[in-house]
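Residue numbering restarts at 1 for every chain, and letters A, B, ... go by the order of the sequence lines.
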Protein chains: 2
Amino acid sequence: MDVTQALLLLKEKGYKHTGKREQMLQLFSDQKRYIAAKDVLEAMQGDYPGLSFDTIYRNLSTFVDLGILEMTELDGEKKFRFSCSVGEHHHHIICLTCGKTKHIHLCPMDQLGDSADFKIVGHKFEIYGYCSECINE
Amino acid sequence: MDVTQALLLLKEKGYKHTGKREQMLQLFSDQKRYIAAKDVLEAMQGDYPGLSFDTIYRNLSTFVDLGILEMTELDGEKKFRFSCSVGEHHHHIICLTCGKTKHIHLCPMDQLGDSADFKIVGHKFEIYGYCSECINE
DNA sequence: CTTGCTGCAAACTGTTTGCATCAAT
DNA sequence: ATTGATGCAAACAGTTTGCAGCAAG
């Protein structure tokens, strides 16, 4: 999902085009990372000094609703992180320092037989580590 | 880990034996579920009407430090859940209604080769569903 | 000019902490 | 008598909401 495509989708759904939204989308498109709301805010405060968390949260949540972004909580973290959504089912290795991700095409659910006593509705598989840039710190 | 064993460990480490701690441990030992702090509190307020969240949280965190309980955050939930810890590495199917768990002895990390560009330090694999008792609601 | 977007302030949830008191050893 | 355990109140982080004004269509 690139920025132009996302903006088109927004327009289609009756959302307005604002500079803040575009720049948020640009940020996620440039950075293939899981980014927390706070970091989105900080990245944008250069261009939008008065920008508030409210706007960040409202837009992030809009983007997730539209399928533009995906949202996760790293194990133990008490905050959400967001990154560009890609269509096909996949999992991630996530850098605990910078949020950079790498896709994993192995899904453990493929090898798991049906469970007699549970109706399965979802799963979470994430791998945590440090990327080559963050490991020397 | 049963209650007597856990109490022994507490004593060993210089922690005191209180009725509240014993009953908390009993609760987790009886119920093989992931329980949230709030539900622990509610389950105990019958016997300890003045019981506060502070005590619950402090004791839960002590138990986790000692390896008596394990802690997780279900995907999307903004709260921690706790359950009896077992030694060997494993994963869970977790009922989204009652927190009941079933152990999974498949670990996807076994099939994952080393990643050249990430130093892996942890992972999370959880399966969410509804148990046979909760499915009809 | 209409409707959605935004900032402000306030509320909310789950969790943590300082302090004085109480209870287990 | 010591030292840890507890309740209270307050603080904290991340997130959400009502409202009035602003800006994009």
For this session: Using salt bridge (Lys or Arg N to Asp or Glu O under 4.0 Å) as the criterion, list what pairs up with D117(B), not counting sequence neighbours.
Result: K102(A)
For this session: May I have the distance from K78(A) (atom NZ) to dA13(D) (atom C1'), rounded to whole angstrom?
Result: 7 Å
Which side-chain N or O atoms in residues 32-46 of chain B pair as donor and acceptor under 3.5 Å with protein atoms at least two apart or in another chain?
from	atom 1	to	atom 2	distance (Å)
K32(B)	NZ	S29(B)	O	3.1
R33(B)	NE	Q31(B)	OE1	2.8
Y34(B)	OH	E70(B)	OE2	2.9
Y34(B)	OH	H92(B)	ND1	3.4

Problem set entry | Nearest-Å distance for atom pair OH/P, residues Y48(B) and dC22(C) | 19 Å
Problem set entry | Protein-nucleotide distance (N59(B), atom CG; dA24(C), atom C1'), rounded to Å | 14 Å
Problem set entry | Short side-chain N/O contact to dG7(D) OP1/OP2 from K20(B), under 4.0 Å | yes
For this session: To the nearest Å, give me how far apart CG (L7(A)) and P (dC5(C)) are.
Result: 13 Å
Seminar exercise, completed: Residue set satisfying side chain to side chain donor-acceptor pair (under 3.5 Å) with N59(A), at least two apart, ordered chain then number -> R21(A)
For this session: Please state how far atom CG in L60(B) lies from atom C1' in dT16(C), giving the value in whole angstrom units.
Result: 13 Å
Exercise. With sequence neighbours excluded, what pairs up with K124(A) under the salt bridge (Lys or Arg N to Asp or Glu O under 4.0 Å) test?
Worked result: E126(A), D75(B)
Problem set entry | E73(A) and K78(B) ion-paired at < 4.0 Å | no
Seminar exercise, completed: Heavy-atom nearest nucleotide on DNA chain D taken for G19(B) and for R81(A); more 5' hit belongs to G19(B)
Exercise. Quick one: L41(A) CG to dG14(D) C1', roughly how many Å, whole number?
Worked result: 13 Å
Enumerate, atom names and distances included, each donor-acceptor pair closer than 3.5 Å involving a side-chain atom of residues 48-55 of chain A, sequence neighbours excluded.
from	atom 1	to	atom 2	distance (Å)
Y48(A)	OH	G19(A)	O	3.4
S52(A)	OG	D54(A)	OD1	3.0

Exercise. Y57(A) side chain N/O closer than 4.0 Å to the phosphate oxygens (OP1, OP2) of dT15(D)?
Worked result: yes
For this session: May I have the distance from L51(B) (atom CG) to dT6(D) (atom P), rounded to whole angstrom?
Result: 8 Å
Exercise. Quick one: E77(B) CD to dT15(D) C1', roughly how many Å, whole number?
Worked result: 16 Å
Counting only pairs under 3.5 Å, give me each side-chain donor-acceptor contact of residues 6-13 of chain B, with atom names and distances, residues two or more places apart or in other chains.
none

Exercise. Does one side chain, of H123(B) or H91(A), offer a donor that lies under 3.5 Å from an acceptor on the other?
Worked result: no
Problem set entry | DNA chain C contacts among residues 25-40 of chain A, heavy-atom distance under 4.0 Å | none
Problem set entry | Sequence-distant partners of H105(A), side chain to side chain donor-acceptor pair (under 3.5 Å), two or more places apart | none
Exercise. From dT6(C), dT15(C), dC5(C), pick the nucleotide closest to the side chain of T55(A)?
Worked result: dT6(C)
For this session: Any chance you could list the contact pattern along nucleotides 17-25 of chain D? Use B for base contacts, S for sugar-phosphate-only contacts and - for none, protein heavy atoms under 4.0 Å, 5' to 3'.
Result: BB----BBS
